[in-house]
Every structure is written in C-alpha cells, then in structure tokens.
Amino acid sequence: MTPLYGLANLTASDHYLRLSFTGGGLLAGHPVHPTQWIRIWFPSGGDNLVQRGYTLVDPDPDRDAFDIEFALHAGPASQWARDAVAGDVIDATVMGSKFAVPQPVPPEFVIFGDTASLPAINSLLDAIGETPTRVWLEWQHESDRELPVRTGPKTEVTWVDRAGDGQSLRQAAESLTCSPDAFGWAACDAATTRSIAKSLKSTLPKDNIAARAYWR
Ligand SMILES: Cc1cc2nc3c(=O)[nH]c(=O)nc-3n(C[C@H](O)[C@H](O)[C@H](O)COP(=O)(O)OP(=O)(O)OC[C@H]3O[C@@H](n4cnc5c(N)ncnc54)[C@H](O)[C@@H]3O)c2cc1C
C-alpha cells in the first residue's frame with residue numbers, strides 16, 4: 001500500500017469533486033497510460049476499510065502528483081472525499097491497470113460512460129486526439145452536463161438521461177452503426193456495461209472492445 005499525501009480541493013460541482021494529491025512515490029515503476037486507475041482504501045466505520053477504484057487524472061510522475069475526480073454518492077469513498085481537507089493521508093494500491101490505444105489507430109472510437117468513467121474517458125480522448133470519436137455519457141444530475149469533456153476536433157458528445165436505469169445508454173449501443181474496425185469502450189454500472197458490451201460484440205470483433213463495470 002502506498003500513502004497519498006497532501007490534498008487540495010480544486011474544483012467542485014454539487015455532485016462532483018476534484019481533489020489534488022501528491023503520490024508518495026506511487027507512480028514510480030508504473031508507466032502512465034490512458035484510463036490508469038488505482039484502488040483507494042476508505043474508512044468504513046470503526047477500523048474497517050473498503051477499497052474503491054479511482055482513475056488518475058493528469059498523472060505527472062516528475063512531480064509525483066495527480067488529481068482524482070469523485071462523482072459523489074452515498075458511500076464511504078464519496079463521504080471521505082466530501083470531508084477531505086488539505087494534509088489528509090489515505091492508502092492506495094496500484095493495480096494491474098493497463099490500456100494502450102490500439103495500433104494501428106482504429107478509424108473511429110465509440111465510447112459509453114457516465115460521470116464515474118468521465119475521468120477515464122477524458123484521458124482516452126487526450127490520447128486519441130483527432131481520431132473521429134462518438135461519446136455517449138449518462139447524466140444523473142443537471143450539473144453533470146456542465147462537466148468538462150476533453151473533446152478533440154472530431155469528437156461528438158451526446159449526454160443521455162439515466163432515468164430508466166441506463167435504458168437510453170443501452171439503446172444508443174443497440175442502435176449503433178459504425179465501421180467494423182471501430183474500437184468500442186464502455187464503463188458504466190455493471191448491468192448497463194454488460195448490455196452495452198453485448199451490443200458491441202454483435203458489431204465489432206472482441207479485440208476491438210474494452211468494457212468494465214465501474215460501479216453497482
Ligand atoms: C477501474 C475503475 C475506475 C473508477 N474511476 C472512478 C473515478 O475516477 N471517479 C469516480 O467517481 N468513480 C470511479 N469509479 C467508480 C467508483 O469506484 C464507484 O462509483 C464506487 O462504488 C464509489 O464508492 P462509494 O463508496 O462512494 O459508494 P458505494 O459504497 O460503492 O455505493 C453507495 C451507493 O451509491 C451508489 N453508487 C456508487 N457509485 C455510483 C455511481 N457512479 N453513480 C450512481 N450511484 C452510485 C451505489 O449503487 C450505492 O447505492 C471507478 C471504478 C473502477 C472499477
């Protein structure tokens with residue numbers, strides 16, 4: 001486990017919070033890559049700790065620093081983020097996170113996510129630059145749609161309402177038409193991710209799909 005030191009509240013909406021960390025050497029020996037994530041151990045009553053996955057935002061190994069963006073809910077991780085003050089320390093584990101933009105670069109990316117996977121999606125958009133990309137993002141709170149999406153010149157973003165438990169996002173995947181060489185990426189709640197992955201598999205080869213449940 002690696003301690004995270006120091007912390008400053010950089011930006012916030014009513015349901016989203018970005019905190020800044022120095023890493024206690026956490027980035028050493030772990031090459032930075034798009035969608036890179038760690039497990040953070042949050043207090044959960046008494047001496048209990050629970051682990052939750054979070055994505056490194058703008059990791060900078062030279063400064064031993066990164067940010068984390070928290071979509072806020074009712075759980076221990078969200079509560080810790082709400083209460084955090086500069087100087088707080090928390091433990092983290094670097095997992096076997098790995099992802100590289102496929103080579104040759106596919107003609108198009110189709111991306112499905114929500115505010116929990118927005119940090120990962122933004123890191124992906126940074127990495128794929130000018131490749132045509134369509135992104136479908138689920139919002140739960142009005143302010144979600146104001147969150148920055150790191151669009152490139154050929155990125156098209158569609159926000160869909162989560163009302164109906166992910167139905168709109170699933171329908172977008174079901175009715176998707178795209179190049180057979182496109183790359184599909186999905187990270188939402190478990191059931192929605194499973195459904196989107198199934199739709200993508202009917203259109204794209206399995207090596208052109210990356211899907212992971214981010215929450216339940
Ligand atoms: C690889 C990976 C990377 C991730 N990166 C990020 C990240 O950068 N930022 C981020 O905010 N999250 C990220 N997540 C998701 C985050 O780990 C989960 O949302 C986690 O469950 C939050 O923990 P919690 O303790 O706040 O809530 P929990 O105790 O897990 O859940 C409490 C309640 O909140 C609900 N809930 C939990 N998450 C969500 C959600 N996203 N939307 C709506 N309701 C929810 C649960 O259903 C439950 O009812 C990532 C997950 C993975 C696997």
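Numbering of ligands and ligand atoms starts at 1, following listing order. The figures that follow rest on heavy atoms only: side chains count, while hydrogens, waters and symmetry mates do not.
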Open item on the list: Angle between ring planes, Tyr54 versus Phe42, binned at 30° and 60°: parallel, tilted or perpendicular?
Closed with: perpendicular
May I ask you to check whether [X] and [Y] show a side-chain donor-acceptor distance below 3.5 Å?
X      : Y      : value
Asp189 : Thr192 : yes
Thr22  : Asp64  : no
Asp83  : Gln79  : yes
Trp215 : Asp114 : yes

Ligand 1-proximal atoms of [X], by part, heavy-atom distance under 4.0 Å:
X      : result
Gln79  : neither
Ala213 : backbone
Pro119 : side chain

Given [options], which has its nearest heavy atom closest to [atom]?
atom                    : options                     : value
atom 22 (C) of ligand 1 : Tyr54, Phe70, Trp215        : Tyr54
atom 11 (O) of ligand 1 : Gly53, Gly75, Ala71, Ala77  : Ala71
atom 30 (O) of ligand 1 : Arg18, Arg162, Arg52        : Arg52
atom 2 (C) of ligand 1  : Phe42, Tyr214, Tyr16, Trp80 : Tyr214
atom 35 (C) of ligand 1 : His141, Glu138, His73       : His73

Specify the protein heavy atom at minimum distance from [atom]: its residue, its atom name, and the distance to 0.1 Å.
atom                   : answer
atom 6 (C) of ligand 1 : Ala116 O, 3.2 Å
atom 9 (N) of ligand 1 : Glu69 O, 2.8 Å
atom 8 (O) of ligand 1 : Thr55 N, 3.1 Å

Pairwise distance [atom1]([X]) to [atom2]([Y]) - rounded to 0.5 angstrom:
X      : Y      : atom1 : atom2 : result
Trp185 : Leu124 : CH2   : CG    : 6.5 Å
Thr115 : Gln140 : OG1   : CD    : 5.5 Å
Ile209 : Ser199 : CD1   : OG    : 9.5 Å

What atoms of ligand 1 come closer than 4.0 angstrom to any heavy atom of [X]?
X      : value
Ser78  : 26 (O)
Gln140 : 42 (N), 43 (C)
Pro76  : 25 (O), 29 (O)
Arg216 : 46 (C), 47 (O)

Task: Check: Leu125 main-chain N/O paired with Asn122 side-chain donor or acceptor under 3.5 Å - done: no
- [ ] Taking salt bridge (Lys or Arg N to Asp or Glu O under 4.0 Å) as the test, write out the residues that go with Glu146, two or more places apart.
- [x] none
- [ ] Establish, yes or no, whether a centroid distance under 6.0 Å links the rings of Phe70 and Tyr16.
- [x] no
Quick one: does [X] get an N or O within less than 3.5 Å of an N or O on ligand 1?
X      : value
Thr115 : no
Arg212 : no
Trp37  : no

Open item on the list: Less than 4.0 Å from atom 33 (C) of ligand 1, is there any heavy atom belonging to the protein?
Closed with: no
Open item on the list: Does the protein place a non-hydrogen atom closer than 4.0 angstrom to atom 49 (O) of ligand 1?
Closed with: no
Open item on the list: For Asp161 and Arg145: C-alpha separation, side-chain torsions, deciding distance, then whether salt bridge (Lys or Arg N to Asp or Glu O under 4.0 Å) applies.
Closed with: CA-CA 10 Å; Asp161 190 347; Arg145 287 179 289 177; over 6 Å; no
